[in-house]
Amino acid sequence: MPILGLTPSVKPQRPAHFDIEKVIRPNILSLHPYRCARDDYQDGILLDANENSQGHSISLLGKTEELLSVLDANLHRYPDPSHDHIKARIAQLRSLPDPKHVFLGVGSDEVIDLLMRVCVTPGREKILITPPTYGMYTVCAHVNDVGIVRCNLNLNGDHGEGGENGRFSLVVNDIKAAASSDPTIKLIFLCSPGNPTGTLISLESLRSLLEYEPFKGIIVVDEAYIDFAGEDASAVSLIKDFGNLCVMQTLSKSFGLAGIRWVVLFLTVGRCALSGENHDLSLGLALAQPPLIQILTNTKAPYNVSTPTAQLALAALEQPSLAIMREKITLLLDSRKELAQSLAGLSYLGLGPIIGGNDANFLVVPVVDRVTRIPDNGRSQKVYKVLAEENGVVVRYRGGEPGCPGCLRITVGTPEENKVLLEKLQNVLEVL
């Protein structure tokens, strides 16, 4: 069955063993998408969408300049349903051929959910995840009544960190064995750099999975932290060769836009907030080959990306803004190196060596028993709570994750925040 809205292509599908029409649920393939008023016309005297012609009803009295600029954005009009201008800038930024490789959605979590809904039949089919990993894959699977197969990352640090065989690398043979033995697995979710591991996935390992003929589904690579990982680290470079690849990215991290939760899916000085969590006025993107993008476009809700979010996204993607973003990443990476060195200096107080590849904007460090040097979840939880509740410094306890016993995840803050963190952490470790 042809994909509605997709221009037929004479190019052979790659890889040869992948057929997207067999991955997408039949009811989604046959879906006739909702057509909204702005799909037809966006200019002129617009009397077609039953909008309130009198404008919004929010009083301007006492409002901040920041809010006034938002209220001046024609909020009584429905937004552009396609935002092709944003898609074009994203495609250029990530060296993709055209906007047809770009989907805009509502946050990474919404896009994860959408992928499950279009590909995985509730109650019958499954996803595969690689713990320790981002928790929303599991949450979305449960919401959608989707089964979960777990193949742990390599949890052994005997061969170093990351790469092909180090700690938190993919155990490719385990994933292949699971995929070949269970044809109901439709999606494989990989996180690179990982959360909470901070470790890049080897592109060679990824390519091996993409080329694995027994697996007929789609591999989703979540690259929320990729801009902190250096050049040539992204799986986006593989999209041109693999129709079974979908890469997620987010501008909430490297672009500093967590407040709008801008997400790309490529198919508080008083209290040092160092946990690195997301917030929402969300914009999500998908970049993949056009067939998957068209499926997602057919399935999304109308007018899903708000006008204020779109305006902020466009501003973030202007060349001067991109230059500022890259400058800030350089500063953050310098701070990451300095923070890692300073944390190593607290070893005598029972802080273990940092684990993982250090490829993100955070560090993962185990709190250990001061005598045995064994990671200590109990002590780590106490350090976490005392830091937050008595010292105003909030990090994230990750000791319950596979391969992360005793670990705290510490976001790289400003130099001032890092200084406070180190002082408070030293004081707490001396007492506990």
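Since this is a predicted model, take the numbers as computed values, not measurements.
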For this session: Determine, step by step, whether Arg89 and Glu318 satisfy the side-chain contact (heavy atoms from CB on, under 4.5 Å) criterion, reporting the C-alpha distance in whole Å, the side-chain angles of both residues, the deciding distance to 0.1 Å, and the verdict.
Result: CA-CA 8 Å; Arg89 290 190 184 182; Glu318 294 173 349; 3.4 Å; yes
For this session: Would you please name every residue forming a salt bridge (Lys or Arg N to Asp or Glu O under 4.0 Å) with Arg25, sequence neighbours left out?
Result: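 Applying salt bridge (Lys or Arg N to Asp or Glu O under 4.0 Å) to Arg25 gives none.
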Do [X] and [Y] come close enough that some side-chain heavy atom pair is under 4.5 Å?
{"X": "Ser202", "Y": "Asn165", "value": "no"}
{"X": "Glu401", "Y": "Thr197", "value": "no"}
{"X": "Leu421", "Y": "Leu339", "value": "yes"}
{"X": "Gln289", "Y": "Ile239", "value": "yes"}
{"X": "Asn74", "Y": "Thr307", "value": "no"}
{"X": "Asn298", "Y": "Ile3", "value": "yes"}
{"X": "Leu312", "Y": "Thr309", "value": "no"}
{"X": "Tyr134", "Y": "Ile112", "value": "yes"}

Exercise. Can you list every pair that meets side chain to side chain donor-acceptor pair (under 3.5 Å) and has a residue in residues 32-43, with sequence neighbours left out?
Worked result: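 For residues 32-43, and leaving out neighbouring residues, the side chain to side chain donor-acceptor pair (under 3.5 Å) pairs sorted by first residue read Arg35-Asp40, Arg38-Asp48, Arg38-Glu51, Gln42-Asp80.
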Any donor and acceptor pair, going by atom type alone, linking the side chain of [X] with main-chain N or O of [Y] inside 3.5 Å?
{"X": "Gln294", "Y": "Pro290", "value": "no"}
{"X": "Lys424", "Y": "Asn391", "value": "no"}
{"X": "Thr330", "Y": "Arg326", "value": "yes"}
{"X": "Glu161", "Y": "Gly356", "value": "yes"}
{"X": "Asn154", "Y": "Arg167", "value": "no"}
{"X": "Glu223", "Y": "Ala235", "value": "yes"}
{"X": "Asp359", "Y": "Leu200", "value": "yes"}
{"X": "Arg396", "Y": "Thr411", "value": "no"}
{"X": "Asp182", "Y": "Ala178", "value": "no"}
{"X": "Arg77", "Y": "Leu46", "value": "yes"}

State the [atom1]-[atom2] distance between [X] and [Y], to the nearest 0.5 angstrom.
{"X": "Ile201", "Y": "Leu170", "atom1": "CD1", "atom2": "CG", "value": "4.0 Å"}
{"X": "Asp232", "Y": "Ser237", "atom1": "CG", "atom2": "OG", "value": "7.5 Å"}
{"X": "Leu6", "Y": "Lys100", "atom1": "CG", "atom2": "NZ", "value": "8.5 Å"}
{"X": "Leu96", "Y": "Ile90", "atom1": "CG", "atom2": "CD1", "value": "9.5 Å"}
{"X": "Asn361", "Y": "Ser335", "atom1": "CG", "atom2": "OG", "value": "11.0 Å"}
{"X": "Met248", "Y": "Cys191", "atom1": "CE", "atom2": "SG", "value": "7.5 Å"}

Inspect the surroundings of [atom1] in [X] and state if more than 12 heavy atoms from other residues, nucleotides or ligands are less than 6.0 Å away.
{"X": "Gln92", "atom1": "CD", "value": "no"}
{"X": "Asn27", "atom1": "CG", "value": "yes"}
{"X": "Lys216", "atom1": "NZ", "value": "yes"}
{"X": "Lys22", "atom1": "NZ", "value": "no"}
{"X": "Gln54", "atom1": "CD", "value": "no"}

By side-chain hydrogen bond (donor to acceptor under 3.5 Å, both in side chains) - contacts of [X] (at least two apart):
{"X": "Lys176", "value": "Ser208"}
{"X": "Arg117", "value": "Asp113"}
{"X": "Thr138", "value": "none"}

What are the two closest non-hydrogen atoms of [X] and [Y], and how far apart are they?
{"X": "Leu210", "Y": "Pro15", "value": "O-CG, 3.9 Å"}
{"X": "Asn418", "Y": "Gly413", "value": "OD1-N, 2.9 Å"}
{"X": "Arg409", "Y": "Val364", "value": "CG-CG2, 4.2 Å"}
{"X": "Ala141", "Y": "Ile127", "value": "CB-CD1, 3.9 Å"}
{"X": "Gly163", "Y": "Ser169", "value": "O-CB, 3.3 Å"}
{"X": "Leu332", "Y": "Val412", "value": "O-CG1, 3.9 Å"}

Problem set entry | side chain to side chain donor-acceptor pair (under 3.5 Å) between Thr130 and Thr133, intermediate numbers included | CA-CA 6 Å; Thr130 58; Thr133 193; 4.8 Å; no
Exercise. Does any pair with a residue in residues 180-210 pass ring-ring contact (aromatic ring centres under 6.0 Å, His included), and if so which ones, sequence neighbours excluded?
Worked result: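 Residue pairs passing ring-ring contact (aromatic ring centres under 6.0 Å, His included), neighbours aside: Tyr137-Phe189.
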Problem set entry | Intermediate values then yes/no, side-chain contact (heavy atoms from CB on, under 4.5 Å), Leu408 and Ser380 | CA-CA 7 Å; Leu408 301 176; Ser380 181; 3.4 Å; yes
For this session: Walk me through it: do Asp334 and Lys337 pass the test side-chain contact (heavy atoms from CB on, under 4.5 Å)?
Result: CA-CA 5 Å; Asp334 289 341; Lys337 182 178 179 180; 5.9 Å; no
Exercise. Given Leu4 and Leu31, is the side-chain contact (heavy atoms from CB on, under 4.5 Å) satisfied, shown in steps?
Worked result: CA-CA 8 Å; Leu4 293 175; Leu31 176 70; 5.9 Å; no
Exercise. What's the verdict on side chain to side chain donor-acceptor pair (under 3.5 Å) for Glu164 and Ser205, showing C-alpha distance, side-chain angles and the deciding distance?
Worked result: CA-CA 7 Å; Glu164 295 280 337; Ser205 294; 3.3 Å; yes
For this session: Determine, stepwise, if the pair Tyr212 / Asn244 fulfils side chain to side chain donor-acceptor pair (under 3.5 Å).
Result: CA-CA 11 Å; Tyr212 187 56; Asn244 55 344; over 6 Å; no
For this session: Identify the residue among Leu209, Ile175, Ile188 that makes a side chain to side chain contact (heavy atoms under 4.5 Å, CB included) with Phe215.
Result: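 Passing option: Ile188.
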Exercise. Tyr225 and Phe362: ring pair (Phe, Tyr, Trp, His ring centres under 6.0 Å), yes or no, with the steps?
Worked result: CA-CA 10 Å; Tyr225 301 94; Phe362 58 84; 5.2 Å; yes
